[in-house]
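Values below: all heavy atoms of this structure, side chains included; hydrogens, waters and symmetry mates excluded. Counting starts at 1 for both ligands and their atoms, in listed order. In this text, all values refer to a predicted model and were calculated from it rather than measured experimentally.
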Amino acid sequence: MSTSSKENVILFPFMAQGHLIPYLALALKIQSKFDYTVTILNTPLNIQKLQKSLPPNTPNINLVSLPYCSSDHNLPPNSENTDVLPYTIMINLLDSLPSLKPHFHKYISDLVKLNTPPLCIIADWFFGWTVEVAKEFEIFHSVFNTGGAYGMAIYYSIWLNQPQLQNEAEDEFLLPDFPQDLRIHRSQLANNVLQATGSDSWSLFYKRELSQTLSSDGFLFNTVEEFDQVGLTYFRSKLGQDSVWGVGPVSDYSMSLKSRASNGTSSDLSIQWLDNQDENSVLYISFGSQNTISSTQMMELAIGLEKSDKNFIWVVRPPLGHDINGLFRSEWLPDGFEERMKAKNRGLLMRKWAPQLEILSHKATSVFLSHCGWNSILESFSLGVPIIGWPISADQYNNSMLLEEEIGVCVELARGNRNEIRHEDVVRVIDLVMSNESKKGAEMRSKACEVKKMIENAIREEEGFKGSSVKGLEAFFAMALLRKKKMKMDQTM
Ligand code: UDP
């Protein structure tokens, strides 16, 4: 372990790409800004993944494996990340997480015995029990939430108050502890919430972990104060006014884009295709790294795309019920769809993966049809691209509400991967958002520019000016240092 820096910060992300990536970005930010050593803990295969993503010659970032064997937990061998697991056995992964507690406890306890306790522990909300360990050793603890505050606030409120909410006779219910009157309709709930009984595995997991995290010393969010205040207010009412900080986006998108650009012209097919499209003319469609839609929905989306006159790039994955990492078969789309779209230069299908950040930053890209995963939202926001929402699971439903109802950069086209959608709606919404004559589209584009500026300001730091996210991270570490100093003083008294 490196000893060159004064303080050591422990990070412990949940085992999903959408969590590991922002945690690594946070680690890099902490290391470069504060010159602390950062140690990321995880299971062996995820540590290997992180090792590959770590920029070369990064000093003072340690990656440490905690023992974990997926086959001990009714999971296929070597399944340590949500990206290799079907949804049906995801709960087994969640139920296996407390098995990491003794190893985490020993790691922290050894540091304390060596008289090198960490400055703080920053853990994912999936590891609510880390709060207990931190308290035992009197170490400052915070949750770093990779999602937005509004989405997570609704998520917390629903899980902590269920099943009472679901038992209400009405189709709509009021969240009892939300900062504003917010009525949630049943259709805005993810399947695992709708089916929750209070004593099923999902309910038990969420209730336990979420309530434990609320006794943490603080919450950091990968978000921006200026557009996510309602959600941050919710958490401030639970944890205290000065204990919740927006510090996002932690990923340095402009740096990633610059370093890719410096490698020369992109060899990726999607970028070459976009190079030949008109400015602001293309719809980019992706449901993220873990979600897909049903085959009927896929068919309707394709028909709608063909009937609309807008060009598109669509990242396709096998539909619901198939291995989403498997081969994509043309039978899931209308007969001859891909060939026709190609021949008319109307659309490009990318199989499984596309360079999303580069696509969103391309001048030909106009709108993003997204599942509203938080990383996708932050990327779209940072590049000023408005969104057509199609949330599919978890906090995505709430993120879509934030985007549409609070911020005004989104129109929701559909929800979930089981509901009916009609190609007429696909055509109508694409037209509403993309057509030059549409007032709504113009409003959304202008809002998207405002949000882009909010983000630029939040992460800006220069002579005489510090943005809200810069101040947030500084305030967090000031509090952690104060706590450590106080503890030392108590010990010497
Ligand atoms: N992503 C990508 N290409 C794809 C699909 C996803 O680069 O074809 C990236 C995307 O840029 C984002 C992440 O994967 O950084 C997806 O995270 P998000 O939180 O949006 O959704 P999740 O995959 O976790 O549901």
Side-chain angles (χ1 to χ4, degrees), residues 13-26 46 49 53 81-87 90 93 124-126 144-152 155 190 192 221-223 248-257 259-260 266 268-271 273-274 282-293 312-318 320 324-325 328 348-362 365 368-383 385 387-400 402-403 410 415-417 455:
F14 175 57
M15 303 104 94
Q17 280 314 89
H19 292 240
L20 293 170
I21 294 167
Y23 265 81
L24 181 58
L26 178 67
N46 286 302
K49 263 181 193 251
S53 316
N81 190 299
T82 57
D83 66 2
V84 292
L85 287 176
Y87 182 77
M90 202 67 81
L93 180 77
D124 228 311
W125 62 262
F126 288 79
F144 171 52
N145 221 305
T146 55
Y150 186 87
M152 286 312 295
Y155 210 60
N192 58 2
F221 277 94
N222 192 18
T223 195
V250 290
S251 294
D252 191 339
Y253 301 130
S254 57
M255 184 65 93
S256 316
L257 285 167
S259 72
R260 279 179 226 177
S266 177
D268 196 88
L269 182 61
S270 57
I271 303 302
W273 189 84
L274 283 170
V282 174
L283 172 67
Y284 166 61
I285 306 164
S286 167
F287 296 99
S289 63
Q290 297 175 61
N291 289 284
T292 187
I293 52 179
F312 62 88
I313 292 183
W314 181 5
V315 187
V316 288
R317 284 169 174 254
L320 202 60
I324 71 161
N325 292 312
F328 188 85
L348 179 70
L349 299 187
M350 299 291 291
R351 273 150 177 80
K352 199 173 150 187
W353 195 257
Q356 177 160 306
L357 200 56
E358 280 175 89
I359 292 178
L360 289 172
S361 71
H362 199 286
T365 304
F368 181 10
L369 194 168
S370 169
H371 71 310
C372 299
W374 192 247
N375 294 302
S376 293
I377 290 175
L378 287 181
E379 289 163 14
S380 209
F381 277 10
S382 300
L383 293 158
V385 179
I387 292 173
I388 295 178
W390 187 334
I392 291 181
S393 65
D395 59 331
Q396 296 154 18
Y397 291 84
N398 319 328
N399 296 341
S400 169
L402 168 73
L403 265 51
C410 170
R415 281 180 199 159
N417 51 16
I455 291 193

What residue and atom, counting heavy atoms only, is the protein's closest point to atom 12 (C) of ligand 1, and at what distance?
Glu379 OE2, 3.4 Å
Donor-acceptor pair between Asp252 and Ser254 side chains, under 3.5 angstrom
yes
Whether the side chain of Trp374 engages the backbone of Gly151 through a donor-acceptor N/O pair (distance < 3.5 Å, no angle test) should be reported.
no
Under 4.0 Å to a heavy atom of Ala354 - the qualifying atoms of ligand 1, by number:
2 (C), 3 (N), 4 (C), 7 (O), 8 (O)
So which bit of Trp374 gets within less than 4.0 Å of ligand 1, heavy atoms only: side chain, backbone, both or neither?
backbone
Examine Leu357 against ligand 1 and note whether any of their N/O atoms are separated by less than 3.5 Å.
no
Which distance, rounded to the nearest 0.5 Å, do you find between the CG of Leu274 and the CG of Leu269?
9.5 Å
Per-atom contacts of ligand 1 with Gly288, taking only distances under 4.0 Å to non-hydrogen atoms:
23 (O)
Could you tell me the residue and atom name of the protein heavy atom closest to atom 19 (O) of ligand 1, and the distance to it rounded to 0.1 Å?
Asn375 ND2, 2.9 Å
Per the side-chain contact (heavy atoms from CB on, under 4.5 Å) rule, which among Ile388, Ile313, Val385 passes with Tyr284?
Ile313
How does Val315 reach ligand 1, by side chain, by backbone, by both or by neither, if only non-hydrogen atoms under 4.0 Å count?
side chain
So Lys49 and Asn81, do their side chains get closer than 4.5 Å, heavy atoms only?
yes
Who's the nearest protein heavy-atom neighbour of atom 5 (C) of ligand 1, and how far?
Trp353 CZ3, 3.5 Å
Between ligand 1 and Tyr284, is the shortest N or O to N or O distance under 3.5 Å?
no
Checking the side chain of Ser370 only, and the main-chain atoms of Cys372 only, is there a donor and an acceptor separated by less than 3.5 Å?
yes
At what distance is the nearest protein heavy atom to atom 21 (O) of ligand 1, and which residue and atom is it?
His371 NE2, 3.0 Å
How about Phe126 and His19: are their ring centroids closer than 6.0 Å?
yes
Side-chain contact test, heavy atoms from C-beta onward, threshold under 4.5 Å: evaluate it for Leu402 versus Ile377 and give yes or no.
no
the protein heavy atom lying closest to atom 23 (O) of ligand 1 turns out to be Ser289 OG, 2.4 Å
Which one of Met350, Lys352, Gln290 has a non-hydrogen atom at the shortest distance from atom 24 (O) of ligand 1?
Gln290
Select the closest option to atom 16 (C) of ligand 1 among Pro22, Gly18, Gly373, Ser376, judged by heavy-atom distance.
Ser376
Rounded to the nearest 0.5 Å, how far apart are CZ of Phe381 and CG of Leu360?
12.0 Å
